[in-house]
Chemist: 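There's a structure below that I have some questions on.
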There are 2 protein chains.
Amino acid sequence: MPHGYFDQHQHSDINELADVIGELLQNPVTIEDMDHRLLAYSSHSESTDQARWSTIMGRRVPEKVLTRLWKDGVFQHLFSQVDPVHIPEKVEIGLGQRVAIAIRRGSDILGYIWAQEVNRPLTSEDDEILRQAAKAAVPLFLQRQGKRKAEEGRRKEFLWELLLGSHRDESLLLQKAAKLQMEIPPPFLISVVDITEPQGEQLTQLLYPLLMRDKVYNVTDGSQVILLICSRKGGQCNDGTLLQLVDQFMEEAFSKIVDKFGEENVFVGCGRPVQTLTDSRQSYQEALQMVQVKRQFPRETRHLIHYNKLGLYRMLAHMHLINDAQGYTNEGLGKLLAYDRENQTNLMETLEVFLDHVGKVNVTASQLHIHINTLSYRLKRIEEITGYNLDDPNDRFSLYADLKLLKI
Amino acid sequence: MPHGYFDQHQHSDINELADVIGELLQNPVTIEDMDHRLLAYSSHSESTDQARWSTIMGRRVPEKVLTRLWKDGVFQHLFSQVDPVHIPEKVEIGLGQRVAIAIRRGSDILGYIWAQEVNRPLTSEDDEILRQAAKAAVPLFLQRQGKRKAEEGRRKEFLWELLLGSHRDESLLLQKAAKLQMEIPPPFLISVVDITEPQGEQLTQLLYPLLMRDKVYNVTDGSQVILLICSRKGGQCNDGTLLQLVDQFMEEAFSKIVDKFGEENVFVGCGRPVQTLTDSRQSYQEALQMVQVKRQFPRETRHLIHYNKLGLYRMLAHMHLINDAQGYTNEGLGKLLAYDRENQTNLMETLEVFLDHVGKVNVTASQLHIHINTLSYRLKRIEEITGYNLDDPNDRFSLYADLKLLKI
DNA sequence: GGCGTATTTGTGAAAATTCACAAATTAGTC
DNA sequence: GACTAATTTGTGAATTTTCACAAATACGCC
């Protein structure tokens, strides 16, 4: 019957626990939460490896190490079993030989304990120590989680306040943010991720690793997840680098979500970068507008992420209103539509594909599965019927805009 | 000393005068105003030619006859001399041999008297009769002109009312129009002709023959002439045929004006066709907007006449407002502008010419007098600097629109 | 002056576009 | 079924576009 290593006292401090484990194993120990942020590390040992050093300095496991361990299937092991996992040395990422165990409650993983093997190799006896250590850590994690939950609630409340309120007093908002320990160095922006079918909560879970890695705050609203994104290193970040960062973030996030839900169900939009918390609302509105536009024009706006590059689609709603007010209709397109209806042709589609491919005939023809001469014939026909000249930039613009407007 | 043929009585009626001349000359006589509208014709004679017959039936000299007489220099003769002009037969236009004289007061020409030579040839004695007849006609013309002036004044007043007032009661307007004998069968439209330098009055004079031929009412406002244009045959005219008619009218008018003042000084715009007098204002506003836009974008809108085909330029002012309100700027173009400034390049111009020629590289290159590979290099550079993709329709339209917006 | 970078021009080959013309196909009408 | 008109596809040649690569030129900087 095994010894009860952690029976004597309830550990009130997680660092204390780390020290106790370290002493028992006679090796350096670190404890991380589920997002690999450093929670505690044993203090007594002097010798360590590059990976542990970086983790402590950065208060988080380096990305490089994490991705490598993912690739090597270490985490998959940790997820699927209760026992410690022995990991051989991986020189390329500065990771010495070590043992890891997941801290779990039921099927949930709360965090990890890592033990190096620098002073002595770890035996199966040590595995038992780690098993018990993982159990002993659970109450500490739950306690921590409780605090965090409450704080998260207040943070989310504040985020909604930023998104919806129309504020005047920037300094008041800054104070609130500071009280909630939310660092939001400008510039930042608001992004909306909208999924047709699943609940936002599921989405958040999916994105969780990403949300943690970059400086992102989030709230959920029905099928939407709303993100506030800023750079970790505030000072050196201008609008351009923020957009780059978001691009990168979205690329990863998007592929994850699309894998799960299918591209046609996912809509992502970002408002413009803003400098003040007061302007959060503006950025949020823009992100919302983007999502709406992308639902209406999924194909045309598929590759768009940033509000500033919405181009025509930024104007479309306004143009629709103006046209309504003026009683404007594009007579050429009207005639074309009538012609299509009367003759069961599809000149309208032909025109749209043509315009969507900036007038490249071979691309258009192959897209429509027609002979290139057929296309050329149809285009001539379209010019005759509409009275527009496809070689005139303004006529092209009119047709493109009015064509898209017809879809509203 | 010559006989005073018309001394005995003041002719109160112009038809009476025509009959007296006809009897003296023993030949058919017609009297026309300066615009060749029939005012009177002698009644006694039975034999006549095709030209006279058409003139009487159409209450105006046929266009065919007029243009031929212009070409043959007959009118030039009539303008430059006080004596009658003898005109040989012109079979092709059904014009028999005749004599014509201008009715003048000082240097102004008020109208014409025509005498055919069907019953007997006209001698120099008859020329004297015509000279005296022309003199005798002057008071009748002045009297007529006086009436017309007053009526014209009331008509112009009414036109301004249509253009500027915001009316509710269509039937009231119709009544007024009827009282002024202004037939305005719908559809009609308002057009504005704007000349940079000369006074509108001069312009009206230049256009006078055209104004008379088609159903056009006009008023002058500073450097602008405002026209209300409708079809003579109201019932059969729909919007499309009206636009065609206007095209034709403008083609002729435009060439006349451009010949005189140079293309860069002339701006013509037409509002949309409307069905009710109440809507005149709308059409007028559109015509005004067109003229304004054409001043701002003379090259781009040179060939545009109808409001409905303004395309992008119809939206530009609105878009400008929206952008201002949103604080939107096209960052790509901003970068390009900065780049041009720092490196004394002209990528901006390159881009504009490229877009103005719907992406045809050879046209663009020749327009810019550069090698085609230079152009291709610059375009690649433009894409790099702006971050826009010239093969993306939305990007293209954004650049096109925002480029033109920069000029406002 | 020399150096490196940005820009322009040249060459040539593959691919795409334009155009005219002919043949085949389709659809509607009598 | 035969006829007509509209549409589609095919062929071929002249022109244009695209692309890669090399050489020449321009410009700022040390």
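The figures here come from the full heavy-atom set of this structure, side chains too, leaving out hydrogens, waters and symmetry mates. Within every chain, numbering begins at 1; the chains are lettered A, B, ... in the order of the sequence lines, protein sequences first and strands thereafter. Since the structure is predicted, the reported quantities are computational estimates derived from the model, not experimental observations.
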Chemist: Measure CG/Leu375(A) against P/dA16(C) and give the value in whole Å, please.
Modeler: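 Distance, rounded to whole Å: 14 Å.
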Chemist: Kindly point out which of dT9(D), dT7(C), dT11(C) is positioned nearest to the side chain of Ile370(A)?
Modeler: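 Looking only at heavy atoms from C-beta outward on Ile370(A), the closest nucleotide is dT9(D).
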Chemist: What is the distance, to the nearest angstrom, from the CD atom on Gln344(A) to the P atom on dA6(D)?
Modeler: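 Distance check: Gln344(A) CD to dA6(D) P gives 16 Å.
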Chemist: Does atom NZ of Lys407(B) have more than 12 heavy-atom neighbours, drawn from other residues, nucleotides or ligands, at distances under 6.0 Å?
Modeler: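 Enclosed: over 12 neighbouring heavy atoms sit under 6.0 Å from NZ of Lys407(B).
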Chemist: For Asn373(B), which contact category applies under a 4.0 Å heavy-atom criterion: base, sugar-phosphate, or nothing?
Modeler: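 The answer is base, as Asn373(B) lies within the cut-off (heavy atoms under 4.0 Å) of a base atom.
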Chemist: Tell me whether the OP1 or OP2 atom of dT9(D) has a side-chain N or O from Thr374(A) closer than 4.0 Å.
Modeler: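 Yes, because at least one side-chain N or O of Thr374(A) sits under 4.0 Å from OP1 or OP2 of dT9(D).
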Chemist: For dT7(D), take OP1 and OP2 only and decide whether either is under 4.0 Å from a side-chain N or O of Arg381(A).
Modeler: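 Yes.
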Chemist: Answer whether the closest heavy-atom distance between the side chains of Met315(B) and His318(A) falls below 4.5 Å.
Modeler: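 The answer is no; the side chains never approach within 4.5 Å.
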Chemist: From dG28(C), dA6(D), dA6(C), pick the nucleotide closest to the side chain of Tyr339(B)?
Modeler: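 So the nucleotide nearest the side chain must be dA6(C).
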Chemist: According to a strict under-4.0 Å criterion, is Tyr377(B) in side-chain N/O contact with OP1 or OP2 of dT7(C)?
Modeler: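 Answer is yes, contact under 4.0 Å.
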Chemist: Nearest to the side chain of Ile372(A) - dT18(C), dT7(D), dT9(D)?
Modeler: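 The answer is dT18(C), which lies nearest to the side chain.
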Chemist: Do any N or O atoms from the side chain of Thr374(B) and from the backbone of Ile370(B) form a donor-acceptor pair under 3.5 angstrom?
Modeler: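 No; judged by distance alone, with no hydrogens or angles, the pair does not exist.
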Chemist: Starting at CD of Glu384(B) and ending at C1' of dT5(C), how long is that distance when rounded to a whole Å?
Modeler: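 After rounding, the reported distance stands at 13 Å.
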Chemist: So, does Arg378(B) get its side chain near the phosphate of dT7(C), meaning an N or O under 4.0 Å from OP1 or OP2?
Modeler: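 So the side-chain polar atoms of Arg378(B) never come under 4.0 Å of the phosphate oxygens OP1 or OP2 of dT7(C).
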Chemist: Starting at NZ of Lys380(A) and ending at P of dT7(D), how long is that distance when rounded to a whole Å?
Modeler: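 The answer, rounded to whole Å, is 11 Å.
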Chemist: So do the side chains of Ile382(A) and Tyr388(A) get within less than 4.5 Å of each other, counting heavy atoms only?
Modeler: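 Not touching, per the 4.5 Å side-chain cut-off.
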Chemist: Can you tell me if the side-chain N/O atoms of Lys360(B) get under 4.0 Å from OP1 or OP2 in dT15(D)?
Modeler: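 For dT15(D), neither OP1 nor OP2 has a side-chain N or O of Lys360(B) closer than 4.0 Å.
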Chemist: Tell me the interatomic distance from His371(A), atom NE2, to dA24(C), atom P, rounded to whole angstroms.
Modeler: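 Those two atoms, NE2 and P, are 15 Å apart.
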Chemist: Can you see if the side chain of Asn362(B) gets near the phosphate of dT17(D) - specifically, an N or O under 4.0 Å from OP1 or OP2?
Modeler: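 The answer is yes; a side-chain N or O of Asn362(B) sits under 4.0 Å from OP1 or OP2.
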Chemist: For Glu342(A) and dA27(C), what is the distance between atoms CD and P respectively, to the nearest whole Å?
Modeler: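 Going from Glu342(A) (CD) to dA27(C) (P), I get 17 Å.
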Chemist: Please check this pair: side chain of His306(A) against backbone of Asn308(A), looking for a donor-acceptor N/O pair closer than 3.5 Å.
Modeler: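 A pair under 3.5 Å: no.
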Chemist: For the pair made of CG in Leu368(B) and P in dT8(C), what is the distance, rounded to whole Å?
Modeler: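 Going from CG in Leu368(B) over to P in dT8(C) covers 11 Å.
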Chemist: Whole Å only: how far is the CG atom of Asn343(B) from the P atom of dT7(C)?
Modeler: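 These atoms are roughly 6 Å apart.
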Chemist: Name the closest nucleotide to the Thr345(A) side chain, picking from dT7(C), dT18(D), dT7(D).
Modeler: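 That would be dT7(D).
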